[in-house]
There are 2 protein chains.
Amino acid sequence: MAIKLDIEALLAHLPLFRSLDKTQLVLMAQASQEVRVAKHGFVFHRGDAASGLYVVAVGGIKLAIPSANGQEKVIEFFSPGQAFGEAVMFLDKPYMVQAQALEDTLLLWIDKQDIYAAIDRDPSFARRMLAGLSLRLHALVQDIETVNLQNASQRVISYLLKQPREAEHVQFPFNKNVIASKLGLTPETLSRLLHQLNSKGYIAVDGRDVHILDVPGMEAQLYGR
Amino acid sequence: MAIKLDIEALLAHLPLFRSLDKTQLVLMAQASQEVRVAKHGFVFHRGDAASGLYVVAVGGIKLAIPSANGQEKVIEFFSPGQAFGEAVMFLDKPYMVQAQALEDTLLLWIDKQDIYAAIDRDPSFARRMLAGLSLRLHALVQDIETVNLQNASQRVISYLLKQPREAEHVQFPFNKNVIASKLGLTPETLSRLLHQLNSKGYIAVDGRDVHILDVPGMEAQLYGR
DNA sequence: CGTAACCTTGAATAAAGTCAACATGGGTGG
DNA sequence: CCACCCATGTTGACTTTATTCAAGGTTACG
């Protein structure tokens with residue numbers, strides 16, 4: 001019971017559910033189930049049937065495409081408050097990505113049927129859902145742009161500039177391995193490029209901490225060459 | 001008047017609008033406007049505000065990301081019956097892609113407000129819309145997979161195998177230039193790879209016509225190496 | 001029949017990947 | 001609390017892959 005209340009509060013301030021009224025929110029909260037996944041554990045694998053959507057309550061998730069030879073291409077990260085797995089829910093196709101916990105993670109899972117019910121009850125929920133998918137699409141197109149139209153160094157620069165930063169300080173939220181895959185690079189190449197940007201005085205790297213020293217210089221690299 | 005009737009019939013058998021009842025369909029048809037675009041003409045540019053969605057009635061459209069140095073990365077093609085431009089409509093962001101006619105094209109344009117109205121009136125329309133976006137997302141993820149996890153030759157092979165074919169015969173629907181960009185290759189590389197697949201006996205190329213000769217062999221290239 | 005757009009081919013180059021060795025360092029168990 | 005160890009990250013030498021640049025060939029179409 002106490003748990004149910006927590007869930008309701010949690011859902012209440014997610015963008016996706018923000019437009020729901022009290023009654024609807026209670027329904028959603030009741031429909032939610034807690035799912036716990038240990039670090040490195042899988043929420044689902046490629047090929048699994050998609051039966052609902054997940055919301056991250058605590059922890060972090062990465063979505064990735066696995067490849068035959070053990071590599072993987074990281075598609076997206078999700079942190080608390082974000083939903084994933086919604087896209088495939090609306091198709092009758094299995095997941096083509098896998099979802100893996102980057103740390104010990106607590107998720108909420110909501111069944112497809114309950115989502116459909118909410119859509120039918122409340123058009124503005126449908127709009128939120130549509131906006132959510134659109135945002136995802138937008139992000140993917142940006143990724144495609146990055147991988148296809150920018151060289152390795154530019155990709156690293158735009159990644160760094162896109163990260164939220166406080167006082168010109170940025171922190172890699174995960175293994176550089178994982179970041180490299182997101183950028184479509186090998187870990188070796190990422191390492192070398194960071195070193196190179198460091199040498200040129202654009203950034204100062206210290207482990208996962210990066211100080212951005214020369215934003216205009218970096219931006220010049222993005223457009224100039 | 002006659003035109004309006006045509007529009008209604010056209011809309012009636014699009015997946016997106018198939019669930020609408022007669023009344024709704026009439027409303028949609030009334031909300032639609034014809035847009036004509038000559039070959040190579042632009043429907044919209046990157047940076048334009050998104051104010052509605054387009055449906056291809058006749059012709060063909062390509063969506064692409066333009067880059068600074070005059071290149072572009074082709075994202076998707078649309079043929080009669082398909083809708084595009086819906087994704088960004090739900091965000092308040094400008095287009096990040098441009099839409100260009102591959103041939104003389106007739107489009108229908110439906111204003112955002114009319115789409116929203118339809119969503120509010122009919123939850124099953126909302127579902128169609130969601131399914132449409134999901135499908136788009138799915139396709140993009142597949143593209144990301146192709147570009148990141150397959151080498152140039154594998155990309156060409158999977159493109160060929162994915163194309164609809166009759167009696168092992170496939171035809172490039174557009175300039176090889178455009179296909180190359182979709183695959184994330186230069187035209188030169190595409191040309192060389194087709195030649196190579198030809199030499200190896202996997203395919204027989206004659207201009208835009210390709211005969212697929214050895215499907216198992218090609219599939220082996222996809223997984224084997 | 002001529003011209004422009006499209007496509008192919010070759011040689012040289014550059015960019016990033018691979019493989020392998022080594023460094024670092026955070027966490028755990030002794 | 002220290003030492004060891006495994007996961008993570010770095011560096012170097014070499015290789016591969018696809019691009020670039022340039023020239024020439026083809027094709028479709030006015």
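Throughout, protein chains are lettered first and strands after them, A, B, ... in sequence-line order, and every chain is numbered starting at 1.
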* To do: To the nearest Å, give me how far apart CD (A:Gln196) and P (C:dA14) are.
  => 15 Å
* To do: Verify whether one side chain among B:Ser158 and B:Gln150 offers a donor that lies under 3.5 Å from an acceptor in the other.
  => yes
* How many Å lie between CD on B:Glu103 and P on D:dC29, as a whole number? -> 13 Å
* Look at the side-chain N and O atoms of A:Thr186 and state whether any lies under 4.0 Å from the OP1 or OP2 oxygen of C:dA16. => no
* Structure fact -> To the nearest angstrom, the CG-P distance between A:Leu102 and D:dA7 comes to 17 Å
* Structure fact -> When rounded to whole Å, the CG to C1' distance for the pair A:Asn175 and C:dT24 reads 14 Å
* To do: Inspect the surroundings of NE2 in B:His169 and state if more than 12 heavy atoms from other residues, nucleotides or ligands are less than 6.0 Å away.
  => yes
* To do: Look at the side chain of A:Arg192 against the base of D:dG9 and say whether a donor-acceptor pair falls under 3.5 Å; ignore hydrogens and angles.
  => no
* Output the single nucleotide from D:dT19, C:dT9, D:dT8 whose closest atom is nearest the side chain of B:His195. => C:dT9
* Once you round it to whole Å, what is the distance between P of C:dA15 and CZ of A:Arg155? -> 13 Å
* Phosphate OP1/OP2 of D:dG9: any A:Ser191 side-chain N/O under 4.0 Å -> no
* Closest to side chain of B:Asn177, choosing from C:dT8, D:dA18, C:dC7 -> C:dC7
* Give the rounded distance in Å between these two atoms: CG of B:Asn151 and P of C:dG17. => 13 Å
* To do: Check whether the side chains of A:Gln221 and A:Tyr202 place a donor and an acceptor atom closer than 3.5 Å, and report yes or no.
  => yes
* Interatomic distance, B:Lys176 NZ vs D:dA28 P [rounded to whole Å] -> 11 Å
* To do: Scan side-chain atoms only and decide if A:Ser79 and A:Gln82 contain a donor-acceptor pair under the 3.5 Å cut-off.
  => yes
* **Pair of N/O donor and acceptor under 3.5 Å linking C:dC7 base with B:Glu188 side chain** => no
* Nearest-angstrom distance from the residue atom CG of A:Asn69 to C1' of C:dT18 -> 12 Å
* 5'-most contact on DNA chain C: B:Arg208 or A:Gln150, nearest heavy atom basis? -> B:Arg208
* To do: Before accepting this row, confirm whether a basic side-chain N of the pair B:Arg136/B:Glu76 lies closer than 4.0 Å to the acidic partner's carboxylate O.
  => no
